[in-house]
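All values below come from the heavy atoms of this structure, side chains included, with hydrogens, waters and symmetry mates left out. Sequential numbering from 1 along the given sequence is applied to the chain's residues.
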Amino acid sequence: MGYELLSKWDSTRPYAEAALYHHLWYDEKGGYPREYTYKGNDNAILYQILTCADCLDAATDSVGRLITAEREQLYREVFGKNVELVL
């Protein structure tokens, strides 16, 4: 979702790839998207740092990352009615 949203505007397009890669495990044995690789990617270390920061945020988030009805409605308005919400 983040990749598609960030790709829409020139001002945020440079960050779109980071949104995509930060779910890929550092050893590439898990995470997603599975068809991506860090090999040959000049920004790999930045994406791996972002992954660590995101994991730390998730582990220490006192509110949680639950999908509420309001948040789900917002996602569907931005990305379309058939969006699959996976967090």
* Asked: Within the distance-only criterion (no hydrogens, no angle test), does the side chain of Ser7 pair as donor or acceptor with the backbone N or O of Arg13 below 3.5 angstrom?
  -> no
* To do: Quick one: pull up CD1 in Ile49 and CG in Asp54 and give me the separation to the nearest 0.5 Å.
  => 13.5 Å
* Asked: Would you call Asn41 and Glu17 a side-chain contact if the rule is heavy atoms closer than 4.5 Å?
  -> yes
* Can you name the ring pair (Phe, Tyr, Trp, His ring centres under 6.0 Å) partners of Tyr26, sequence neighbours left out? -> none
* Asked: Does some side-chain heavy atom of Leu24 sit less than 4.5 Å from a side-chain heavy atom of Tyr47?
  -> no
* Of the non-hydrogen atoms in Glu4 and Lys8, which two are nearest, and what is the gap between them? -> O-CG, 3.4 Å
* Asked: Going by atom types only, do Glu28 and Tyr36 share a side-chain donor-acceptor pair under 3.5 Å?
  -> no
* To do: Could you pull out the closest heavy-atom pair between Leu5 and Thr12, with the gap in Å?
  => O-OG1, 4.4 Å
* Applying the 4.5 Å side-chain criterion to the ILVMFWY set and letting contacts propagate, would Leu20 and Tyr38 be lumped into a single cluster? -> yes
* Asked: Got a second to check how far Leu50's CG is from His23's NE2, nearest 0.5 Å?
  -> 8.5 Å
* Structure fact -> Taken to the nearest 0.5 Å, the spacing of Tyr3 OH from Tyr21 OH works out to 9.5 Å
